[in-house]
Amino acid sequence: MYKEAEFDVIVIGAGHAGCEAALTTARMGLETCLFTINLDTIAQMSCNPAIGGLAKGHLVREIDALGGEMARVTDSSGIQFRMLNRSKGPAVWSLRAQCDRLLYRLNMRRVLEEQPSLTIKQALVERLVVKDGRVQGVVTSLGTFYGCRAVIVTTGTFLKGLIHIGLDSFPAGRAGEFPSVGLADSLRDLGLKMGRLKTGTPPRLDSKTIDFSKTTEQWGDNPPPPFSHSTTMITNPQLPCYITYTNERTHQIIRQNLDRSPLYSGRIKGIGPRYCPSIEDKVVRFAEKPRHQVFLEPEGLQTKEYYANGISTSLPYDVQVSLVRTIPGLEEAEIMRPGYAIEYDFVYPTQLRHTLETKEIEGLFLAGQINGTSGYEEAAAQGLMAGINAALKLKGQPPLILGRQEAYIGVLIDDLVTKGTSEPYRMFTSRAEYRLLLRHDNAEFRLREKGFRVGLVREEEYERFLKKKAMFEREMRRLEQKRVSPSEVNHILREAGSSEITESITLEQLLKRPEITYSMIKSVCPPDEPLTEELENLVTTEVKYKGYIKKQMEMVERMKKLENRRIPEDFNYDLVAGLSREVLTKLKEVRPTSIAQASRIPGVTPAAISLLLVALERQRRRVSQQTGIS
């Protein structure tokens with residue numbers, strides 16, 4: 001076996017997780033090698049050409065606040081930006097960007113190639129080399145060995161990937177790309193418990209054959225709001241998307257051909273995404289619905305290809321043509337690429353620590369769809385955190401573990417390692433207990449300090465953030481302390497339809513009123529230094545939701561007490577009297593690090609937590625007696 005080189009960290013796979021992981025370890029000063037099966041598909045958007053969306057947009061903002069790359073590349077590649085959910089509360093506002101698929105890939109590749117301490121290689125990694133429970137390196141299909149101290153596996157859908165179009169199937173990691181078979185076997189041989197999942201894509205259409213006059217045009221926000229805290233302006237031309245709908249004729253064709261669907265004929269064994277089902281799945285499960293929405297999304301500025309979001313399918317090609325042509329505006333549409341389903345191996349994520357390192361193999365980290373997630377944003381967030389923690393481990397420093405009250409990234413990882421998943425996991429705002437604290441607009445205030453501390457946020461970016469933070473805090477103090485008299489504000493209150501005042505009140509009390517805006521406050525009593533629109537919005541949200549935010553902070557403090565009740569890594573759960581077999585099995589599988597984590601494991605009851613607390617107290621007393629420490 002030929003040995004070519006030695007690295008600190010090897011990253012396998014150059015999708016969204018792999019790109020973030022490799023950039024992170026290299027930026028933290030470690031010699032890193034990124035392996036990809038195909039250099040031309042680095043950062044490929046395998047599914048829809050979009051970043052963000054409900055809750056996913058929060059993840060992208062958090063990645064950026066910590067010093068990751070996804071937001072910046074999105075801003076440089078975006079061709080439509082829209083803030084979703086504006087009609088609802090600010091806790092669930094989420095930014096979504098339509099991207100130029102080719103531009104995104106090229107921009108990310110440029111960032112990777114220009115990164116010091118990062119080597120990129122096109123090769124198929126066949127197996128991991130592990131000795132005495134610790135990773136030593138990898139071996140490629142050419143028999144070349146590369147040594148390292150940590151490996152981050154980010155293989156997406158490539159592990160024994162199998163594509164289905166109708167009753168035909170063929171091995172592939174993505175359409176037109178080889179699967180990774182040897183590495184899947186290597187992970188199994190190392191003792192990791194693995195399962196099978198499924199996802200899919202819709203057909204891509206030639207826009208020259210679409211009658212857009214029969215669809216509804218949808219533009220983004222003007223001006224387009226950027227994802228990254230460091231982006232000042234979006235410079236790409238902006239394009240609209242288009243909305244149309246399926247109908248009863250579409251559904252009839254699908255129902256008549258279910259016997260030719262790999263999903264309903266039993267050929268697909270993997271479990272598909274519950275919240276992003278195929279069109280055949282939607283027609284069967286929601287039979288009462290007369291139509292389903294279809295978004296026609298441009299793939300880029302220099303192509304006529306459109307992504308038909310909403311009709312993901314694995315039906316045969318001739319059926320895809322028929323069902324597409326029943327949809328208004330698509331009566332003469334030509335399919336440029338057919339939709340397909342893909343099955344792939346994944347690792348059950350309860351075998352991971354919160355650092356995303358495997359519990360049984362030291363130095364082996366997993367990130368992205370290999371952990372059972374779906375979506376670019378979930379993958380990138382895991383890649384970033386796996387990279388951070390691999391680097392910190394090799395430097396002998398404590399890990400960075402984000403709490404559920406600190407970030408959606410913390411919710412994502414805690415859900416995976418504590419609850420596990422048997423279907424593709426997707427992030428939603430409803431998964432976060434403290435979502436009013438984890439808003440899109442305050443990601444920088446929550447996480448910038450942490451990103452700077454680990455070495456991912458540059459000095460000039462951090463200085464800019466500190467100035468912004470100081471300005472925000474000054475304005476919050478001013479609003480809290482500055483009082484205004486009835487004669488100063490009653491005319492504004494009358495115009496706004498708000499009740500007048502008879503004695504002086506603070507600007508904060510004034511802004512708390514639903515009908516009062518920050519612009520009105522400025523007109524009465526402007527700050528010494530004008531705020532940016534971003535800070536004005538942040539101040540407004542913090543003031544108007546102050547009472548609710550305080551209640552959530554109190555909940556966080558109560559939960560911290562349980563988080564602080566640590567469970568030793570070698571704790572013997574068999575000695576806890578009264579636990580059911582089911583609870584005992586789950587505790588031994590997850591091996592929670594705290595009482596709080598144990599309480600979040602599905603099936604672990606409050607009664608079981610009480611028994612666990614009693615057992616931990618008894619152990620503490622025994623240790624105290626033996627050591628003489630109270």
Side chain to side chain, Tyr376 and Lys56, heavy atoms closer than 4.5 Å: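 SC-SC contact between Tyr376 and Lys56 ruled out.
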Residue pair Pro338 / Tyr317, side-chain heavy-atom distance below 4.5 Å: yes
Given [options], the one that forms side chain to side chain donor-acceptor pair (under 3.5 Å) with [X]:
{"X": "Ser76", "options": "Thr235, Thr231, Asn107, Asp100", "result": "Asn107"}
{"X": "Tyr264", "options": "Asp259, Asp281, Asn257", "result": "Asp281"}
{"X": "Ser46", "options": "Gln369, Glu177, Arg174, His16", "result": "Arg174"}

Quick one: is the NZ or CZ of [X] closer than 6.0 Å to the six-membered ring centre of [Y], and within 45° of its axis?
{"X": "Arg204", "Y": "Tyr307", "answer": "no"}
{"X": "Arg431", "Y": "Tyr425", "answer": "yes"}
{"X": "Arg439", "Y": "Trp93", "answer": "no"}

All side chain to side chain donor-acceptor pair (under 3.5 Å) counterparts of Thr540, not counting sequence neighbours: none
Partner residues of Ser278 under the side chain to side chain donor-acceptor pair (under 3.5 Å) criterion, sequence neighbours left out: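 Side chain to side chain donor-acceptor pair (under 3.5 Å) check on Ser278 returns nothing, list empty.
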Ring-ring centroid check Phe428 His58, cutoff 6.0 Å: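 Phe428 vs His58: aromatic centres not under 6.0 Å.
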Residues Glu343 and Arg267 bridged, charged N to O under 4.0 Å: no
Where Ser228 and Asp75 come nearest, the two heavy atoms and their spacing: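 Looking at all heavy atoms of both residues, the shortest contact is N-OD2, 2.8 Å.
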Candidate pair Arg96 and Glu297, rule salt bridge (Lys or Arg N to Asp or Glu O under 4.0 Å), full reasoning: CA-CA 13 Å; Arg96 183 181 190 270; Glu297 303 173 342; 3.0 Å; yes
Residue pair Gln597 / Asp414, side-chain donor-acceptor N/O under 3.5 Å: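 Judged by distance alone, the side chains do not pair up.
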